[in-house]
Amino acid sequence: MLEKRIVDIYLEEAQRAAGSVSLKEGLVLTDSIVASSNVHSPQRINYILMALCQSGEACYTIDTRQQTVKQGDLLFVSERHIVDGYQSSPDFKCQCIMVSTEFYHSFVLNVRNVSSLLLFSTKNPVVSLTEDEIKTYSDYFRHIREKMTADHPYRTQVVKALLLAMFYDMSGVIWRVERQEKSGQSRANVIFANFIRLLEEHFRSERRVGWYAGQLGISPKYLAEVVKLISKRTPNDWIDDYVVLELRVLLRNSSKTIKEITEMLHFPNQSFLGKYFKEHVGMSPSEYRRS
């Protein structure tokens with residue numbers, strides 16, 4: 001039996017889809033989640049996707065885990081996860097928001113904004129919303145879409161502000177679901193959540209997997225196994241993402257010098273920081289700040 005080839009899906013394909021509204025900076029809104037011509041092949045999603053099901057039903061797998069979405073459900077897919085086996089009813093309709101990682105980084109205020117959503121989506125790829133939560137999402141969706149098509153000199157800035165407000169407003173969903181899930185969590189989920197909390201607090205000074213494993217009282221190998229099991233990513237992937245995101249935020253949204261940023265994040269020197277940043281982002285800190 002031939003193994004299915006995984007197809008990488010990028011936001012540019014969704015931007016070209018009929019019926020979608022987009023900003024070239026990295027945002028797409030559509031009423032149809034089927035934006036890919038390769039929908040029957042395994043797809044690695046290279047952007048953040050959030051969608052509210054308005055009617056019908058769909059089923060698919062995320063990293064081989066079966067998911068079903070029905071009316072009133074909110075689905076999350078964060079970048080690098082693999083979606084396969086997609087099927088939907090003829091009346092399936094959803095309000096779908098797709099954001100490139102770069103665009104998301106451009107309007108979030110700090111690392112916690114990113115980690116809370118990504119951690120939540122890893123554990124809860126599908127969530128049933130209350131009536132009030134459905135209305136909140138739909139109101140933001142319509143308002144953001146209107147602003148995306150408006151002839152306004154600060155259109156992108158307005159859209160970014162609305163998206164940030166939406167993510168904060170919808171954080172009530174995260175709070176509600178996590179409060180319900182506190183009992184009955186598996187040991188692996190607890191370890192992963194504790195690792196992320198430690199990472200949020202210490203990533204500026206600690207970038208060694210062994211240090212985090214020691215704080216959790218487990219071996220680095222076991223921590224790596226648990227993190228990979230829950231998130232499909234390694235501890236080093238998570239550490240690098242936190243550090244790179246903080247660098248992006250500081251370079252774009254602060255007036256701190258690169259020397260000050262180097263000291264803040266405990267890099268040995270500016271040269272080391274520059275090489276690290278270029279390896280992960282593809283340009284130097286100075287180039288990124290100017291871009």
Side-chain angles (χ1 to χ4, degrees), residues 10-33 35 45-52 54 74 76-79 94-118 121 132-174 241-242 244-258 260-261 277 280-291:
Y10 298 93
L11 200 60
E12 289 79 8
E13 185 168 350
Q15 288 174 324
R16 294 192 297 268
S20 66
V21 176
S22 65
L23 290 180
K24 68 179 187 306
E25 291 86 352
L27 174 67
V28 178
L29 269 64
T30 179
D31 289 322
S32 174
I33 202 169
I45 307 298
N46 289 283
Y47 48 82
I48 297 166
L49 182 153
M50 182 167 61
L52 172 65
Q54 297 175 291
L74 186 69
F76 295 93
V77 182
S78 55
E79 63 168 348
C94 60
Q95 295 174 322
C96 182
I97 298 175
M98 292 170 275
V99 187
S100 72
T101 307
E102 180 73 19
F103 190 70
Y104 186 45
H105 290 166
S106 74
F107 67 80
V108 294
L109 300 181
N110 54 56
V111 169
R112 188 176 294 272
N113 296 151
V114 177
S115 65
S116 61
L117 175 64
L118 297 186
S121 66
D132 286 344
E133 291 165 350
I134 291 171
K135 185 178 185 306
T136 297
Y137 181 97
S138 295
D139 287 347
Y140 273 112
F141 183 89
R142 285 191 293 269
H143 197 31
I144 291 168
R145 184 165 57 182
E146 288 171 3
K147 294 301 180 183
M148 288 172 67
T149 57
D151 183 15
H152 193 291
Y154 298 102
R155 179 181 62 173
T156 300
Q157 288 82 350
V158 171
V159 169
K160 285 181 179 181
L162 285 170
L163 281 167
L164 183 59
M166 177 184 183
F167 279 113
Y168 272 126
D169 217 348
M170 295 300 293
S171 65
V173 177
I174 298 176
D241 279 1
Y242 269 68
V244 171
L245 175 58
E246 183 76 348
L247 286 168
R248 288 176 186 267
V249 171
L250 289 171
L251 288 167
R252 180 158 284 170
N253 301 327
S254 81
S255 58
K256 294 184 182 297
T257 66
I258 294 175
E260 289 172 327
I261 294 172
F277 190 81
H280 289 87
V281 180
M283 64 180 78
S284 71
S286 298
E287 290 170 334
Y288 183 79
R289 175 164 267 174
R290 290 194 301 267
S291 64

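In this text, all values refer to a predicted model and were calculated from it rather than measured experimentally.
- One finds the SG atom of Cys94 at 12.0 Å from the CE atom of Met50 (value rounded to the nearest 0.5 Å).
- Between Arg248 and Glu102, some side-chain heavy-atom pair lies under the 4.5 Å cut-off.
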**Request:** Output, in order, the C-alpha distance, side-chain angles, deciding distance and verdict of side chain to side chain contact (heavy atoms under 4.5 Å, CB included) for Met98 and Thr30.
**Result:** CA-CA 8 Å; Met98 292 170 275; Thr30 179; 3.5 Å; yes

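- To the nearest 0.5 Å, atom CG of residue Leu162 and atom CD of residue Glu146 are 10.0 Å apart.
- In this structure the side chain of Leu74 never reaches within 4.5 angstrom of the side chain of Ile134, judged on heavy atoms.
- The two atoms that bring Ile144 and Leu163 nearest to each other are CD1-CD2, 3.7 Å, heavy atoms only.
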**Asked** Going through the checks in order, is the side chain to side chain contact (heavy atoms under 4.5 Å, CB included) test met by Gln95 and Asp31?
**Response** CA-CA 5 Å; Gln95 295 174 322; Asp31 289 322; 4.3 Å; yes

**Item:** Criterion side chain to side chain contact (heavy atoms under 4.5 Å, CB included) on Leu23 and Lys147, from CA distance to verdict
**Value:** CA-CA 11 Å; Leu23 290 180; Lys147 294 301 180 183; over 6 Å; no

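- The two residues Phe107 and Phe103 make their nearest non-hydrogen contact at CD2-O, 3.2 Å.
- Shown here are the salt bridge (Lys or Arg N to Asp or Glu O under 4.0 Å) partners of Lys256, two or more places apart in sequence or in another chain: there are none.
- Rounding to the nearest 0.5 Å places CZ of Arg289 at 8.5 Å from CG of Leu250.
- Inter-residue side-chain proximity for Leu52 and Ser138 is flagged as met; some heavy-atom pair is nearer than 4.5 Å.
- The ring-ring contact (aromatic ring centres under 6.0 Å, His included) check on His280 picks up Tyr276, with sequence neighbours excluded.
- Remark: Thr101 OG1 to Ile48 CD1 distance equals 5.0 Å, nearest 0.5 Å.
- Atom-to-atom distance recorded for Leu251:CG and Ile258:CD1 is 6.0 Å, nearest 0.5 angstrom.
- Between Ser20 and Ala14, the shortest heavy-atom distance links the atoms OG-O, 3.2 Å.
- Heavy atoms of other residues, nucleotides or ligands lying less than 6.0 angstrom from NZ of Lys160 number more than 12.
- A 4.5 Å side-chain heavy-atom check between Glu25 and Val159 finds every atom pair outside the cut-off.
- Every residue meeting the ring-ring contact (aromatic ring centres under 6.0 Å, His included) condition with Tyr288, not counting sequence neighbours, appears here in chain and number order: Phe277.
- What you find for Met148 and Val21 is that their closest heavy atoms are CE-O, 3.3 Å.
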**Message:** Between Val173 and Thr136, is the side chain to side chain contact (heavy atoms under 4.5 Å, CB included) condition met? List the steps.
**Reply:** CA-CA 11 Å; Val173 177; Thr136 297; over 6 Å; no

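- Between His143 atom NE2 and Met166 atom CE the span is 12.5 Å, to the nearest 0.5 Å.
- Using bins of under 30°, 30° to 60° and over 60° for the plane-to-plane angle, the ring pair Tyr137/Phe141 lands in the parallel bin.
- Across all their heavy atoms, Ser22 and Val28 have their closest contact at CB-CG2, 3.9 Å.
- Listed here is the closest heavy atom pair of Arg155 and Ala150: CD-O, 3.4 Å.
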